[in-house]
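One structure is given below, encoded as structure tokens.
None of these values were measured; they are calculated from a predicted model. Quick note on labels: first sequence line is chain A, next is B, and so on, each numbered from 1.
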Protein chains: 2
Amino acid sequence: MNEAAYIDWIGVDWGTTNLRAWAMRGSEVVATAAASIGMASLTRDGFEPALLNVIEKWLAASRMTPLPVIACGMVGARQGWQEAPYVAVPCAPLVRDAMIPATCKDSRITVTIIHGLSQANPADVMRGEETQIAGLLAMDPDFEGLACLPGTHNKWAFIRGGEIERFRTFMTGELFDIIARQSVLRHALGDASAFDDEAFDAAVLQAAADPAALSAALFSIRAASLLDGIAPDVARARLSGLLIGLEIAALGDEVRTARPAIVGSHTLSSLYERAIRLNGGDAQRLDGDGLARAGLQMAHDLMIVEKTN
Amino acid sequence: MNEAAYIDWIGVDWGTTNLRAWAMRGSEVVATAAASIGMASLTRDGFEPALLNVIEKWLAASRMTPLPVIACGMVGARQGWQEAPYVAVPCAPLVRDAMIPATCKDSRITVTIIHGLSQANPADVMRGEETQIAGLLAMDPDFEGLACLPGTHNKWAFIRGGEIERFRTFMTGELFDIIARQSVLRHALGDASAFDDEAFDAAVLQAAADPAALSAALFSIRAASLLDGIAPDVARARLSGLLIGLEIAALGDEVRTARPAIVGSHTLSSLYERAIRLNGGDAQRLDGDGLARAGLQMAHDLMIVEKTN
């Protein structure tokens, strides 16, 4: 951090396994930090020390006493620092009144945790992605349509008039992970991280043509490894294609007509885009990197408006 | 074992995690034994000592030198005692020429390992179930149609004229296990072993109506647990119903018209029967307990014919 720099708030994206933090002056990023520590590895009392461990170095540059810290993600889950409520859709991605203060011993900071979103039927929840979607709307206030946020629990949000109308979570990423690591397919996939595009494409189409046969198609990857010695990168691509293909098939016409915006890491986003095109649709790709930060900015601005009213 | 009893062969059903053994005089069971030791926990050199540990007590009663031991299952896999070949379907469930002798240091026994079955397209394999199907045909030589053998890797075999024409493996049981234990759904399922029939039925129909939406339907179980506090036995039944329902939906008309024979444990078989009926089909239940033994008997008889020819 520049010696002359000062900061007036900190934004934190705090998920199940990772934390990212931004030291901010207004809307300018002064410094960033990251740590591999998340909700899954912390007890309730461990959140404040873990946060201070990351941001302590910035506190001398604070021009605010106390310095506001705004956090989104699983930090607000029942197993998190403090449970923040769910706001039921349809609603704007960020709702000031549903953000909660977290109990904090250190008087140099105040911590606000952003709420999650819920949907009654079909039952669904999100925590963290609402802030990314707020960031998407901050960058493109007129955005309407379908946004896809690939991840462990992949979210599809239907956005209109600045609100999230409804959303669907597919646990495709988690299924891939546990099948690849824990099931009999681990022998076929090996440790290869390489990827066979052709095998992926065939599997996407196979899933769309016969979605109910998933668990037979999965076992067939193991059998093909035993009988035909298919390479680990082919096996990995087939598993990925079956699972992502199934998800795209479930969205059906919605994904074909909507030209969804895919927001996420390059690798995963490109697989989703590929699967959408194979199903006769089209997609745009948005850089996901800045979205959480932009959403935290929006939450900060909401709170400032609150204070000055 | 009766003091006066003697034995002339031993049959062994030896899978990934368990071993069951029968001490036999002709077709009469003289004694049985079981051990929680299987392919997954043994190195190549460990199979013979593990077997002797179970059958040693019977060897004094042997009237044969050496005493024939016939084994089926994952003991013949690549990671097993010795790799037995796959026989490609269509074929009879047991093929004498594809059974192999296992290397054995103890001169009191000879060990024969039964082959597996394979299918080229779609790629599929079985090891152990071919012996159960041989047992089914031994008990009912005129059996034709569809046999379902529920388990970790559930097999559906299409049987005609004493042969297995083709088969399909669904890794439904393994998916249930890893999702229930390793995924985010573990929080919703808890340790409950109770089961809600109504939730199971609804999930079977849900999977049939929208098979592609599996990974969204799975996540919705977690969300319903968070939002509505659904009970663990409801969550468990929904997971089971979605996965079994998907499998039955994949079989489609074949399962509706065939009145399949379900061969397996009471609990799992009754869930499959229930799901088949919900999909407009019908099923018969056969007691699976004696089938492996009956199949091993058939393998033994095949070898005796071989010797006396």
Side-chain angles (χ1 to χ4, degrees), chain A residues 16 77-79 86 88 116 118-126 152-154 156 168-179 181-185 187 206-208 210-228 230 243 245-252, chain B residues 16 77-79 86 88 116 118-126 152-154 156 168-179 181-185 187 206-208 210-228 230 243 245-252:
Chain A
T16 305
R78 197 167 298 169
Q79 297 83 15
Y86 293 109
S118 67
Q119 178 174 274
N121 189 17
D124 213 331
V125 291
M126 67 166 70
T152 304
H153 297 155
N154 196 33
W156 292 81
R168 281 182 98 172
T169 305
F170 292 79
M171 50 187 279
T172 304
E174 184 167 15
L175 285 181
F176 179 88
D177 196 57
I178 59 176
I179 293 170
R181 289 169 195 262
Q182 311 280 346
S183 86
V184 70
L185 293 198
H187 304 299
Q206 183 186 353
D210 192 1
L214 176 72
S215 82
L218 292 176
F219 187 79
S220 194
I221 297 174
R222 167 63 172 158
S225 169
L226 284 168
L227 298 176
D228 311 325
I230 60 164
L243 293 175
L246 198 69
E247 178 176 337
I248 302 301
L251 290 154
Chain B
T16 304
R78 197 167 301 170
Q79 295 84 15
Y86 293 111
S118 67
Q119 178 175 275
N121 190 17
D124 213 331
V125 291
M126 69 165 69
T152 303
H153 297 155
N154 195 33
W156 292 82
R168 282 181 96 173
T169 305
F170 293 78
M171 51 187 279
T172 303
E174 184 166 16
L175 285 181
F176 179 89
D177 197 57
I178 60 177
I179 292 170
R181 290 169 195 262
Q182 312 279 347
S183 85
V184 70
L185 293 198
H187 304 300
Q206 183 185 352
D210 192 1
L214 176 72
S215 83
L218 292 176
F219 187 80
S220 194
I221 296 173
R222 167 63 171 159
S225 169
L226 284 169
L227 298 176
D228 310 324
I230 60 164
L243 293 175
L246 199 68
E247 178 176 336
I248 302 301
L251 290 155

- Select, from B:Leu227, B:Leu185, B:Asp210, the one with the greatest count of heavy-atom pairs under 4.5 Å involving chain A. B:Leu227
Which donor-acceptor pairs under 3.5 Å do side chains of residues 245-252 of chain A form with protein atoms, sequence neighbours excluded?
residue  : atom : partner  : partner atom : Å
A:Glu247 : OE1  : A:Thr172 : OG1          : 2.6
A:Glu247 : OE1  : A:Tyr272 : OH           : 2.8
A:Glu247 : OE2  : A:Asn154 : ND2          : 2.3
A:Glu247 : OE2  : A:Trp156 : NE1          : 2.6

- Task: Could you look at B:Gln182 and say if it's the side chain, the backbone, both or neither that has a heavy atom under 4.5 Å from chain A?
- Result: both
- Query: From B:Arg168 CZ over to A:Ser215 OG, what is the distance, rounded to the nearest 0.5 angstrom?
  - Reply: 9.0 Å
- A:Leu218 versus chain B, the contacting section by heavy-atom distance below 4.5 Å: both
- Message: Only pairs of heavy atoms separated by less than 4.5 Å count here; which of B:Ile179, B:Thr16, B:Asp228, B:Val184 has the most with chain A?
- Response: B:Val184
- Count the heavy-atom pairs under 4.5 Å between each of A:Ala223, A:Ser225, A:Ala207, A:Ala224 and chain B, then report the option with the highest count. A:Ala223
- Query: Given a strict heavy-atom distance threshold of 4.5 Å, which part of A:Leu243 is in contact with chain B: side chain, backbone, both, or neither?
  - Reply: neither
- Which region of A:Gln119, side chain (C-beta onward) or backbone (N, CA, C, O), has a non-hydrogen atom less than 4.5 Å from a non-hydrogen atom of chain B, or is it both or neither? backbone
- Quick one: what part of A:Asp124 sits under 4.5 Å from any heavy atom of chain B, side chain, backbone, both or neither? both
- CZ on B:Phe219 to CG on A:Leu175, rounded to 0.5 Å: 11.5 Å
- Query: Nearest heavy-atom pair of B:Ala123 and A:Ser220: which atoms, and what distance?
  - Reply: O-OG, 2.7 Å
- Any donor-acceptor pair under 3.5 Å linking the side chain of A:Arg78 with the backbone of B:Leu226? yes
- Task: Mind checking side chain to side chain donor-acceptor pair (under 3.5 Å) for A:Asp177 and listing every partner two or more places apart, or none if nothing turns up?
- Result: A:Arg181
- Message: Between B:Ala120, B:Ala208, B:Pro122, B:Ala216, who has the most heavy-atom pairs with chain A when the cutoff is under 4.5 Å?
- Response: B:Ala216
- Message: With rounding to the nearest 0.5 angstrom, report the CE to CD1 distance, A:Met171 to B:Ile221.
- Response: 8.5 Å
